[in-house]
Amino acid sequence: MNIARFEFATAKNATERELIRTDHAYRPDIDGLRAVAVLSVLFYHAFPSIMPGGFFGVDIFFVISGYLITGIIHRQMQEKRFSIADFYSRRIRRIFPALILVVAVTFVLGWFLLPLRDMQSLGTNIAGGAIFAQNFVLLGQVGYFDLAADKKPLLHLWSLGIEEQYYVAWPLILLLVRRLNWNALILVALLAVASFVLCLVVGARAPDYAFYLPVTRAWELLAGSALALWQGGHKPRVAHATPVGASREIAAVLACAAIMIGLWGYRSWMTDPGWFTLLPVLGATTLIALPGTVVHRHVLAARPAVWIGLISYPLYLWHFPLMAYARIHFGDGLRIRHMLAVLLISAVLAWLTYIWIEKPLRFGRQRVRIKVAGLVTAMIALGVVGYAADRTNGLPMRIPAAIRPFMLTGGESSQYWRSGKCLMLPEQGPEEFAGECAGSGGRPLVLIWGDSYAASLYPGLKHLADERGFDVAEYSASSCAPLIGYVNSQRRFCKPSNDYTLQKIQELHPDVVVLYSTWSYSETDLRGGLQRTVPLLRPLTKKIILLGPPATWTGEGLSANVLDYYFESGDFATLPERTWYRSNENWTRAIEAILEDEAAKVGIEYVSMRRLMCNDKGCLARIGPNGAELTAFDGGHFTHAGSIFMAGKVIDRILTSKD
């Protein structure tokens, strides 16, 4: 499409004409590429099995951002009209309006819908998002017992954090390069290669760090930056309707193929970012570098693609909070029609945000300082609100007084778990087990081995130790079943931690070994693991006890269920002490059947935690005088009171059972 025709066919007034006035010819195909990026992300978040590599849309966004921003800075520097203040002002007017709206609405919804733990997490993410450090906030939460990723409404702001960190640092670097009279293109190429190599090295050892750190993601932005600098030196002609050479057409098709292979060919065992990430990054870079092909004119520059590209930023912002709240509300009952409705609502809100919020605040030369000052003030206010939600453990004053004591963050109980000492977090190897994990040298010695569920039972056992005259050792690792040979692709230290625990058992010769876990693993892992583990334990201990899964809860967990029940009951009632409300009974029974059967086969005693907690009236949700304490704060981890209560239920079986 002819550029002039496209511009003024779509620009109905002066404000819209400002939209398409840039430092270089407007390229509708880049908006079309934005559409590819945002739709990939949306479909991945909505239906990950359909497009397993849809998250590569973020990588495509990175390339586009690097290209456009570097192109603008480079041209303005060449023309001696670049201004840091003007650059940051434009970035604020581009990024802040939609972001402030979406974050504010997300917070308001959370005020009415989220229990304390979830609101505290949201507050942390709002504060991180307000200073564009969400990637670092999420990195800091890696290894901590935290909410499910798909139920964190602002999880997706990590990518915006990386882009904003680039926007802050990159113009300063280019100014320094220009002052020192260095070759910017060569420097960018070297930085991109160094970043990619660092990404591969860090990704092999600490994949979460490679995912969130800006230095391991910079190569994707720098790929676009390098292209912009190269074009700035060669001044390429942008082809519109004129046919281009066959080689360019073939290159465009291959670039599209690379992106498609990335979107549909990704598998969970692959490292991201890594070698496979080159496909979407190089594909996007090639499409930007070689405009004018059939792909550009008839696919990327098609009106529907351009329209989606224009609203891609607010669409990216809106979709994830809405999906997260839908998952929180519907839980396992979230159906395809619900997700399709979320996608439609996201598109409508994105268009309205673009028309009513973005354009009035982003474009035009009037009252620029007032706009910038207002946006910065609003962002600071959001950051303060988020910080308050974090520091007050979820703003408890918003919760009805009758159920406020049941609104738990989990920290009240996990503080007794010895996390990082005897509960290994995801990035901790077995060498970090503390000496105190072996107990104090008393006998009989009960050694509990498992994952974070075992860590949640430890405080109860420790509470009873002096009273009943026994000592307790604890060796647990996050998301690691206490089974020799067990491998978790997301927890690279599971196997070495379990091997280390077996060595400690060999040294300590405990009187009882208690195996306790979520047991939310495959039947093959459970049966095969027990068949390998029990024969190795027999010579090392007098007794082996297998504790089955406790009563478990769907939704956001037991504490959140109290809040939901309060509003859904019709008379603002407190969740009964025994209840089937959102009980995960069917799953628990199925896992228990496997464990009980395998325990009988390998000849060890099985203790049903579920049967100790549940009867015909339901499962224990509240305990203590007047039911003042919850048994769990989430889907199954015991509260401190619940740990003491359940330890009392199983201690006689532990101390008197015979192997």
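Throughout, residue positions are numbered sequentially from 1 according to the sequence presented. Please read all numbers here as calculations on a predicted model, not as lab measurements.
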Could you report the tightest heavy-atom contact between [X] and [Y], atom names first, then the distance?
X: Pro52; Y: Tyr44; answer: O-CE1, 3.5 Å
X: Ala130; Y: Gly383; answer: CB-CA, 3.6 Å
X: Ala289; Y: Leu227; answer: CB-CD1, 3.5 Å

If we ignore hydrogens and angles and just use 3.5 Å, is the side chain of [X] paired with the main-chain N or O of [Y] as donor and acceptor?
X: Lys371; Y: Ile92; answer: no
X: Asp29; Y: Gly32; answer: no
X: Asp31; Y: Arg27; answer: no
X: His296; Y: Leu290; answer: yes
X: Glu249; Y: Thr293; answer: no
X: His156; Y: Leu317; answer: yes
X: Arg34; Y: Ser312; answer: no
X: Arg93; Y: Phe363; answer: no
X: Thr392; Y: Ala388; answer: yes

Working to the nearest 0.5 angstrom, can you tell me the gap between [X] [atom1] and [Y] [atom2]?
X: Leu287; Y: Cys256; atom1: CG; atom2: SG; value: 4.5 Å
X: Met323; Y: Trp318; atom1: CE; atom2: CH2; value: 14.0 Å
X: Met339; Y: Arg327; atom1: CE; atom2: CZ; value: 4.0 Å

Side-chain contact, heavy-atom cut-off 4.5 Å: [X] with [Y]?
X: Val36; Y: Ile308; value: no
X: Leu349; Y: Pro314; value: no
X: Val281; Y: Trp219; value: yes
X: Arg267; Y: Phe276; value: no

Quick one: side chains of residues 95-110, donor-acceptor pairs under 3.5 Å with protein atoms, not counting sequence neighbours, listed by atom name and distance.
| residue | atom | partner | partner atom | Å |
| --- | --- | --- | --- | --- |
| Thr106 | OG1 | Val102 | O | 2.7 |

Report the C-alpha separation of Trp275 and Phe196 in whole Å, then their side-chain angles, then the decisive distance to 0.1 Å, and conclude whether the side chain to side chain contact (heavy atoms under 4.5 Å, CB included) test is met. CA-CA 9 Å; Trp275 286 106; Phe196 181 67; 3.8 Å; yes
Tell me, with the steps shown, if Ile259 and Ile60 meet side chain to side chain contact (heavy atoms under 4.5 Å, CB included). CA-CA 9 Å; Ile259 292 174; Ile60 296 173; 4.0 Å; yes
Would Tyr354 and Trp307 count as a close aromatic pair, with their ring centres under 6.0 Å? no
Please confirm whether the ring centroid of Phe62 lies under 6.0 Å from the ring centroid of Tyr166. no
If only side-chain N and O atoms count, and only distance matters, is there a donor-acceptor pair under 3.5 Å linking [Y] with [X]?
X: Asp272; Y: Thr277; result: yes
X: Tyr67; Y: Gln231; result: yes
X: Tyr313; Y: Thr353; result: no
X: Asp86; Y: Gln76; result: no

Assess the residue pair Ile72 and Arg90 against the criterion (side chain to side chain contact (heavy atoms under 4.5 Å, CB included)); give the C-alpha distance rounded to whole Å, side-chain angles, the decisive distance to 0.1 Å, and a yes or no. CA-CA 11 Å; Ile72 291 171; Arg90 288 176 179 271; over 6 Å; no
CA sep, side-chain torsions, deciding dist, call: Ser159, Tyr316, side-chain hydrogen bond (donor to acceptor under 3.5 Å, both in side chains): CA-CA 11 Å; Ser159 62; Tyr316 179 79; 2.7 Å; yes
State whether Arg117 and Glu556 are salt-bridged, where the test is any N-O pair (Lys NZ or Arg NE/NH1/NH2 against Asp/Glu carboxylate O) under 4.0 Å. no
In terms of relative ring orientation, are Tyr266 and Phe55 parallel, tilted or perpendicular, with 30° and 60° separating the classes? perpendicular
Test side chain to side chain contact (heavy atoms under 4.5 Å, CB included) on Val299 and Val294; report intermediate values, then the result. CA-CA 7 Å; Val299 179; Val294 171; over 6 Å; no
Stepwise ring pair (Phe, Tyr, Trp, His ring centres under 6.0 Å) check, Phe132 with Trp158: CA-CA 8 Å; Phe132 299 101; Trp158 71 267; over 10 Å; no
Row check, Phe211 ring normal vs Arg217 NZ/CZ: under 6.0 Å, within 45°: yes
